[in-house]
Amino acid sequence: MSDNSQFSFGAATGVGSMPGEDAREAVKTVTGTFEDFPFLPELPARGPGADMIGRTAGMLVELYARVEPSGWRIGDRPGRDTRRARSWLREDLDALEEFTQDYEGPLKVQAVGPWTLAAQLELKNGEAALSDPGACRDLAASLTEGLRLHLAEVGRRVPGARIVLQLDEPSLTAVLRGRVATASGYRTHRAVDRQIVESTLREVMAAHDGGPVVVHSCAPDVPFALLRRAGAAGVSFDFSLLTERDDEAIGEAVEGGTRLLAGVVGGMDGPLSDPAGSVMGVRTLWRRLGLHPGLLARAVTLTPACGLAGASPAYARQALAHCVRAARSLADNPE
């Protein structure tokens, strides 16, 4: 991975998923709201193949997956579910291309990371790929190649974009701690060695040759230090789940130039505080860590706490706009 410390992230962006089924409407909302850091929306309401796992499974090279009653299962050949996933991704990229004419600046695209994919994709015997180290290696290699192709396609369609790749890893902590349930539900898969987790993440991040990679997890206990060692330029997380146990890792991340994508706005319908209130916790953390207030805007991007697929369309639009206003409040008054 190259040095991404000089890369300019925007002040606010979204996590990934949006409500509804209309790709053009979603992209229009995102590009209209985040003029300096839009992202490619995901619309899981369309059904299997538009969901997080199915969308990424459709990107895999020489590995295919299909929907079973228990979830996504690796198969021998591309079927209807793979074709549907790829078709929806093309539709989304068409919309992105339409609404980013002449755009220059950071643009974020999301895919599921190798460990959440291994925890969620089933082998033919019904167990998670996580149960088989060889399957995990094959999956990571296939994902790396698929991401290279995807990133090249986005680059062709939006030539002025400086692409940020986000790897979604909500299952990462469970993988590290041996908390992923077996198919029977009676046991859990063994914890994966931290060095293997780290080296696999580094391998997949290399798909974005020299470009910045952000790892997103809206689970508690995000392994900040491990992600930094693997080469993540940024870590995206639900700010409300932080505890003082995370202070040291966060302080080291900021001082090392890692971007924090702090999820400060709720992902489900609910009242929104004033913009200054949404960033009060970030300012408090900064003071507690003894970090210079002037660093805030350079180190933090504000986002919703997680994807917005479960929100109403009206709330999703409000939440995204609120992130922009909260970022402005943080920049104007870092103290």
Side-chain angles (χ1 to χ4, degrees), residues 1-2 4 16 52-65 71-74 108-123 127-152 163-182 188-237 249 253 256 258-259 261:
M1 299 295 293
S2 68
N4 291 303
M52 189 169 89
I53 300 297
R55 184 181 185 88
T56 301
M59 295 179 192
L60 297 175
V61 171
E62 294 180 4
L63 274 182
Y64 310 101
W72 284 89
R73 184 170 294 183
I74 295 170
K108 185 164 70 67
V109 298
Q110 305 82 219
V112 176
W115 292 108
T116 295
L117 209 54
Q120 300 292 331
L121 273 182
E122 298 174 358
L123 301 173
E127 284 297 350
L130 190 65
S131 63
D132 180 337
C136 289
R137 285 192 295 273
D138 291 348
L139 198 52
S142 173
L143 175 63
T144 304
E145 194 50 44
L147 287 172
R148 273 203 189 98
L149 296 171
H150 177 55
L151 292 165
I163 300 170
V164 178
L165 170 63
Q166 175 179 303
L167 295 176
D168 291 318
E169 283 283 14
S171 301
L172 183 59
T173 302
V175 167
L176 287 165
R177 297 194 174 175
R179 292 180 182 164
V180 177
T182 58
T188 55
H189 294 288
R190 263 205 308 264
V192 180
D193 181 271
R194 294 180 82 85
Q195 287 184 317
I196 293 173
V197 169
E198 186 183 318
S199 64
T200 301
L201 283 166
R202 189 179 298 115
E203 171 195 330
V204 174
M205 287 181 196
H208 194 14
D209 187 25
V213 180
V214 167
V215 179
H216 167 72
S217 173
C218 45
D221 300 318
V222 175
F224 287 93
L226 183 151
L227 295 176
R228 287 181 57 229
R229 287 195 306 272
V235 182
S236 170
F237 56 96
T258 304
R259 188 80 179 188
L261 286 83

Task: side-chain hydrogen bond (donor to acceptor under 3.5 Å, both in side chains) partners of Asp221, counting only residues at least two apart - done: Arg177, Arg245

Open item on the list: Taking salt bridge (Lys or Arg N to Asp or Glu O under 4.0 Å) as the definition, give me every residue that meets it alongside Asp132, ordered by chain and number, with sequence neighbours left out.
Closed with: none

Task: Qualifying residues under salt bridge (Lys or Arg N to Asp or Glu O under 4.0 Å), relative to Arg194, sequence neighbours excluded - done: none

- [ ] Carefully, step by step, assess Ile196 and Trp115 under the rule side-chain contact (heavy atoms from CB on, under 4.5 Å).
- [x] CA-CA 10 Å; Ile196 293 173; Trp115 292 108; 4.0 Å; yes

Open item on the list: Using side-chain heavy atoms (C-beta onward) and a distance below 4.5 Å, is Leu227 in contact with Leu172?
Closed with: yes

Task: side-chain contact (heavy atoms from CB on, under 4.5 Å) evaluation trace for Leu201 with Leu226 - done: CA-CA 10 Å; Leu201 283 166; Leu226 183 151; 3.9 Å; yes

Task: Of all pairs that satisfy salt bridge (Lys or Arg N to Asp or Glu O under 4.0 Å), the ones with a partner from residues 223-236, not counting sequence neighbours - done: Glu198-Arg229

Open item on the list: Once side-chain contact (heavy atoms from CB on, under 4.5 Å) is applied, do any residues pair with Ser131, and if so which ones, sequence neighbours excluded?
Closed with: Leu123, Glu127, His189

Open item on the list: Treating His150 as the side-chain partner and Thr56 as the backbone partner, does any N or O pair qualify as donor plus acceptor under 3.5 Å?
Closed with: no

TODO: Could you tell me the separation between the CE atom of Met52 and the CD atom of Gln120, rounded to the nearest 0.5 Å?
DONE: 6.5 Å

Task: All side-chain contact (heavy atoms from CB on, under 4.5 Å) counterparts of Ser217, not counting sequence neighbours - done: Ala219, Val222

Task: Any residue meeting salt bridge (Lys or Arg N to Asp or Glu O under 4.0 Å) with Arg179, in chain and number order, not counting sequence neighbours - done: none

- [ ] Specify the closest pair of heavy atoms between Thr173 and Pro223, including all atoms of both residues, with the distance to one decimal.
- [x] OG1-CD, 4.0 Å

TODO: Grab the two heavy atoms, one from Thr200 and one from Ala140, that are nearest each other, plus how far apart they are.
DONE: CG2-CB, 3.6 Å

Open item on the list: My understanding is that only residues two or more places apart in sequence, or in another chain, count here; which of them pass side-chain contact (heavy atoms from CB on, under 4.5 Å) with Arg190?
Closed with: none

Task: Residues which pass ring-ring contact (aromatic ring centres under 6.0 Å, His included) with Tyr64, listed by chain and number, not counting sequence neighbours - done: none

Task: Minimum heavy-atom distance between Pro114 and Leu143, given as atom pair plus value - done: N-CD2, 3.7 Å

Open item on the list: Applying side-chain hydrogen bond (donor to acceptor under 3.5 Å, both in side chains), can you list everything that pairs with Thr116, at least two apart in sequence or on another chain?
Closed with: Glu169

- [ ] Determine whether Val109 and Leu165 make a side-chain contact, defined as any pair of heavy atoms from C-beta on separated by less than 4.5 Å.
- [x] yes

Open item on the list: Contact between Leu60 and Leu117 at the side-chain level, heavy atoms closer than 4.5 Å - yes or no?
Closed with: yes

- [ ] Compare every heavy atom of Phe224 with every heavy atom of Ala249, then report the nearest pair and how far apart it is.
- [x] CB-CB, 3.9 Å

- [ ] Output all residues satisfying salt bridge (Lys or Arg N to Asp or Glu O under 4.0 Å) with Arg73, sequence neighbours left out; order by chain, then residue number.
- [x] Glu122

Task: Heavy-atom side-chain contact between Arg259 and Val214 under 4.5 Å - done: no

TODO: Tell me, with the steps shown, if His216 and Leu261 meet side-chain contact (heavy atoms from CB on, under 4.5 Å).
DONE: CA-CA 8 Å; His216 167 72; Leu261 286 83; over 6 Å; no

Task: Ser236 side-chain N/O to Val215 backbone N/O, donor-acceptor pair under 3.5 Å - done: no

- [ ] Report the residues that fulfil side-chain contact (heavy atoms from CB on, under 4.5 Å) with Ala207, sequence neighbours left out, ordered by chain and then residue number.
- [x] Thr144, Leu147, Arg148

